[in-house]
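Reading through the structure tokens given below for one structure.
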Amino acid sequence: MISGYLITILITIIVYAILAHSLNIITGHAGQISLGHAAFFGIGAYTSALLYTGAGFPFWVSVPLAAAVAGIVGALFGIPCLRVRDDFLAITTMGINFVIEAVFLYIPFFGGAMGIGGINLPKWFGREMSKTEYFLLILIVFVLLLLLDRRLGRSWIGLAWASIREDEQAAEAMGVDVVRFKVMAFVLGSSIAGLAGGFYAHFLTFIMPQNFGFGQSIVILCMVVFGGIGTRLGPILGAVILGILPEVSRPIMEYRTLVYGLLLLAMMRFQPSGLLGTESILTKAFKRIAYHS
Amino acid sequence: MGILLLKVTGLSKEFDGLRALDQVSFAAEEGEILGIIGPNGAGKTTLFNLVSGIYPASGGEVAFQGKSILGMKPHQISRLGIGRTFQIVRPFQNLDVETNVLVAYGHRFYPGLWNSIGPFQRPDILREVGMLIEGTGLEPYRKQLAKNLPLGIKKRIEIARALALKPSLLLLDEPSGGLRFEESAQLMDLIRKVSDQGISVLLIEHNMQVVMDLCKRIVVLDHGSKIAEGSPEEIRSNPQVIEAYLGKED
């Protein structure tokens, strides 16, 4: 048996890794900035929580539905938003995050500032899952998502995303339906964030609006940028490092935003492509080792 | 007379009250290289952006192979077989040459989720890409990132990419711009080769030598209006053209 504390950290880190991975689809692969990713994390968490506590749906139904609802909301917001570019998109997605957080906070149906409690770990074989089992479940889901990501990266969809990220106008002139592929990335990224939200809610057992605010969006974005935006494994490494940091040292927890901000500044100055970016010191070192062995 | 491919009728474009293009009409036939010249700001690139669907037109009509394409999106127009390059080159900088060309094959696989999540490295497509890359003289650069290549090669990438659409019309926006003499001459050979395959070319060019060499017909724009159309000889001796354009150069 692994200790409860360790398993809690591990699950939290995987939730962050899934979040970073899902934002990477939108921002890394398709090149669309989003400063409101936590909104879809929250939509997933609240959908799953309400379906479980209110409608009595089991975990196995509420979590997939959470992903679906987050994806649908992603489409509703994405279709109008993705027509604007870069800086406008950044502000619009930020706005979405504030609106969604306010909805959770001020509409009584969503539990207000007290949030929603009484969400439990899933049941299987007639008993509640242990935390270790839950960790393995979420790990398997994560691995499947990574396999899907690899498949997409090598597909015509992945190539269309890459062309849009590089140059929208040139992509259009090459027959790429830019709006459609942007929406596709946004919906996929949002629904995976929703899935993460569902897992998060059932693990924490209660959720509050603050878990899904703008600050959370920035934390997720930091992980992606820190690890290497657009790379497959970078955002995960970012989630692991930035997820563990607050746990190993209390002061870092207290000054989390400050530490992340400084780290991000340092990255932008010295390693703008991130830890695992194509031109980073780490990647070059790996290549050198691979070359010599 | 050849077969009519592109017919532009009374095409106009206003930007905030400024007339960038005013009632321009001309036609391009299958297989010809039609030169489009004019001083800076004459509306040449605006014309390309209207034909390729980047801007909506303020008035007029554009028909391609007998059908109106006005109001269509750029990706729809490119799929009909109108390829283009850009005045300021826009290759996909962080993709290698081969992948740059592959992007243009994507639209054949987009409809249907199963096809579009299939790998884009397919032997049949790669064979076609290989032939295109060879034909455009890009073979030595196949696996290099576009951003690391010189301007002349980037312009070739844009042409190769556009040819991958299997176009019947190519819009080339100043292909010789910024190139050294030999580079420019090589690119003109490529354009001639493309034209010999039966692909029509609309060629915006500032280099008069190039235009006079390549084109049998030339359209002259000035301040958004067409001021002349004819053979290189006719254009050379047209007093209006000399006044608007050639006269200033001499």
Interchain contact, A/I157 with chain B, by part (heavy-atom threshold 4.5 Å): both

Choice from A/Q169, A/R165, A/R151 maximising heavy atom contacts with chain B below 4.5 Å: A/Q169

Structural part of B/T85 lying under 4.5 Å from a heavy atom of chain A: neither

Region of B/I125 that comes under 4.5 Å of a non-hydrogen atom in chain A: side chain

Residue B/I77 versus chain A: region with a heavy atom under 4.5 Å: neither

Closest-packed option against chain A by number of heavy-atom pairs under 4.5 Å, given B/P91, B/G83, B/A162, B/G118: B/G118

Check: A/F186 ring centroid to A/F40 ring centroid under 6.0 Å: yes

Between A/E166 and B/Q93: side-chain donor-acceptor atoms closer than 3.5 Å: no

Side chain / backbone / both / neither for B/S116 at chain A, heavy atoms under 4.5 Å: both

Lys/Arg-Asp/Glu bridge criterion (N-O < 4.0 Å) met for B/E158, B/R84: no

Under 4.5 Å from a heavy atom of chain A, the part of B/I117 involved: both

Portion of B/F86 that has a non-hydrogen atom of chain A nearer than 4.5 angstrom: side chain

Structural part of B/N100 lying under 4.5 Å from a heavy atom of chain A: neither

A/S190 side chain vs A/A70 backbone, donor-acceptor pair below 3.5 Å: no

Ring centre gap for B/F15 and B/Y55 strictly below 6.0 Å: yes

Interface residue of largest heavy-atom contact number with chain A, from B/T99, B/L80, B/I54, under 4.5 Å: B/I54

B/W114 CH2: over 12 foreign heavy atoms closer than 6.0 Å: no

Exam field: side chain A/T47 to backbone A/A66, donor-acceptor pair closer than 3.5 Å: no

Pair A/F181 + B/Y110: ring centers closer than 6.0 Å: yes

Among the listed options B/K73, B/R108, B/H107, B/R90, the residue most often paired with chain A at heavy-atom distances under 4.5 Å: B/R90

